[in-house]
Amino acid sequence: MAMDPLEDLLRDVDAAAGPGPPRDGQLPERVRQLDRRRRRRKIALGGSATAVLLVALAVPYLPGRRDPAPIWPPLGRESPSVAEHSELPRLEAELANLESQLAALLATERHVAATGQLRRIAPPPNREERVRRQLDLSAATVLAGAEVKYHRLSLTDSAAVDYRRVCEMYPDTISAETAAVRLAEICRGLPEEPAR
Amino acid sequence: MSRAFDKPTTRDDRERLLCRRIAQGKPGAFDELVRGHHDDVAQLVYRLLAWDSEAEEVVQEVFLAAWRALPRFRGEASVSTWLRRIAVNKCRARKRRWKVRNRWWWHARLSHTEPLQQSTLDAALDDERLEQVRSAVRALPHRDREVIVLHYLEQKDVDRVATELGLRRNTVEVRLHRARARLKPLLEAMMME
């Protein structure tokens, strides 16, 4: 017999309560049926929820539901009073004035936009300077290619062709002076200054 | 020479073979599982619910959960331990549902619980005493009640209780101590009677 009084007490209660729910021969089948029923219910619930969601998402896109019906003023409105009648010409004139102002503003805006585009396309005031810079850049590019051929790749003949091109096509540029020096070197076969 | 595990000799081996048969969908295998473990599970559930009449429903839920989880059963624990763990979880879930319902309804249910016995005056006094104990056990937090039931009524040692509940030994001892402390006033009152 257990010595612990608490254990004795608990055992007494347990004994008085009995063995618990009796065994039921139908329990396995009941479990299987319950499982099938709950799975079907779960699928049905899931399908219903999906259907409701799809309908809720599709409702705004149904034809004829985009634009709500316009709310027109009720028919049978009272005819304008005498005071309102006298104001009408003034209001119409004001409206016409505002519309003409708006049209002028729009025309001005279009003109400004077109002018800006033209300025971008047309040559700037200091056109000669820009042309000269472009020529210098082009000459320097050809010269750089010739320098690489002459100093690094030792392609003297090809470099000489490029140097001559610089002198002929871009005569008044600094690159042409350099190209002339290089051509003189090539002709003499001796470098006048150390290669960079 | 046949391999040792071709013929199941221990109870656990027989149970694992049974689970394999159930996972394969062999007819009659689940029925065999229920037959073999129903009494054990039913008694455990009945005790964990403090001898409540809803135990039958919870037992059904336990076997339903087992039916669904059998294909995933890896055999790391014995089948009985696995079923008992499911039973403990289902009892906890049932207790949570009771708490969510109105407290007054829960107390009303207490008063409508079936009496333990119908008997003479002496026995009726005993019934009242036992009913007090039952109410006190029911009033315990379910985590403390689990360790009380498994240790005292299921006769499991602390290590076994820890294994079944998935706890550390220290935690089980703390809960046992706490449960005893809660039941001590009742016990002292009864000893004085």
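The sequence lines fix the lettering, A, B, ..., with proteins before strands; numbering per chain opens at 1.
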Just wondering, are more than 12 heavy atoms of other shown residues or ligands nearer than 6.0 Å to CG in A/L137? yes

Is it true that a side-chain atom of A/R11 and a backbone atom of B/Y152 form a donor plus acceptor pair closer than 3.5 Å? yes

Nearest heavy-atom pair of B/W51 and A/L10: which atoms, and what distance? CZ2-O, 4.4 Å

For side-chain contact (heavy atoms from CB on, under 4.5 Å), just list the numbers for A/L34 and B/W67, CA-CA rounded to whole Å, side-chain angles, deciding distance to a tenth of an Å, and then say yes or no. CA-CA 11 Å; A/L34 195 59; B/W67 166 255; over 6 Å; no

Where on B/L183 is there a heavy atom nearer than 4.5 Å to chain A: the side chain, the backbone, both, or neither? side chain

Would a single hydrophobic cluster contain both A/Y170 and A/V148, if residues Ile, Leu, Val, Met, Phe, Trp and Tyr are joined by side-chain heavy-atom contacts under 4.5 Å? no

Is it the side chain or the backbone of B/D31 that comes within 4.5 Å of chain A heavy atoms, both, or neither? both

The interface call for B/V137 against chain A, heavy-atom contacts under 4.5 Å, is side chain

Run the salt bridge (Lys or Arg N to Asp or Glu O under 4.0 Å) test against B/E57 and tell me which residues pass, sequence neighbours left out. B/R94

Listing, residues 163-173 of chain B side-chain donor-acceptor contacts under 3.5 Å, not counting sequence neighbours, or none:
unit_1: B/T163; atom_1: OG1; unit_2: B/D159; atom_2: O; d: 2.9
unit_1: B/E164; atom_1: OE1; unit_2: B/R84; atom_2: NE; d: 3.0
unit_1: B/E164; atom_1: OE1; unit_2: B/R84; atom_2: NH2; d: 3.4
unit_1: B/E164; atom_1: OE2; unit_2: B/R84; atom_2: NE; d: 2.9
unit_1: B/R169; atom_1: NE; unit_2: B/E173; atom_2: OE2; d: 3.0
unit_1: B/R169; atom_1: NH1; unit_2: B/D159; atom_2: OD1; d: 2.9
unit_1: B/R169; atom_1: NH1; unit_2: B/D159; atom_2: OD2; d: 3.1
unit_1: B/R169; atom_1: NH2; unit_2: B/E173; atom_2: OE2; d: 3.2

Contact listing (chain B partner; residues 153-169 of chain A; heavy atom under 4.5 Å): none

Residues of residues 35-55 of chain A contacting chain B, heavy-atom criterion under 4.5 Å, by residue number: A/D35, A/R38, A/R39

For A/N97, is the CG atom crowded, meaning more than 12 foreign heavy atoms sit under 6.0 Å from it? yes

Looking at A/R32, A/E29, A/R30, which makes the most heavy-atom pairs under 4.5 Å with chain B? A/R32

Option that, when pairs with chain A are counted at under 4.5 Å, heavy atom only, ranks first among B/R35, B/E56, B/Q60, B/Q43: B/Q60

Taking everything shown except A/Q26 itself, do over 12 heavy atoms lie less than 6.0 Å from its CD? no

Where A/G18 and B/Y46 come nearest, the two heavy atoms and their spacing: O-CE2, 3.7 Å

For the CD atom on A/E109, are there more than 12 heavy atoms of other groups (residues, nucleotides or ligands in this structure) within a distance under 6.0 Å? no

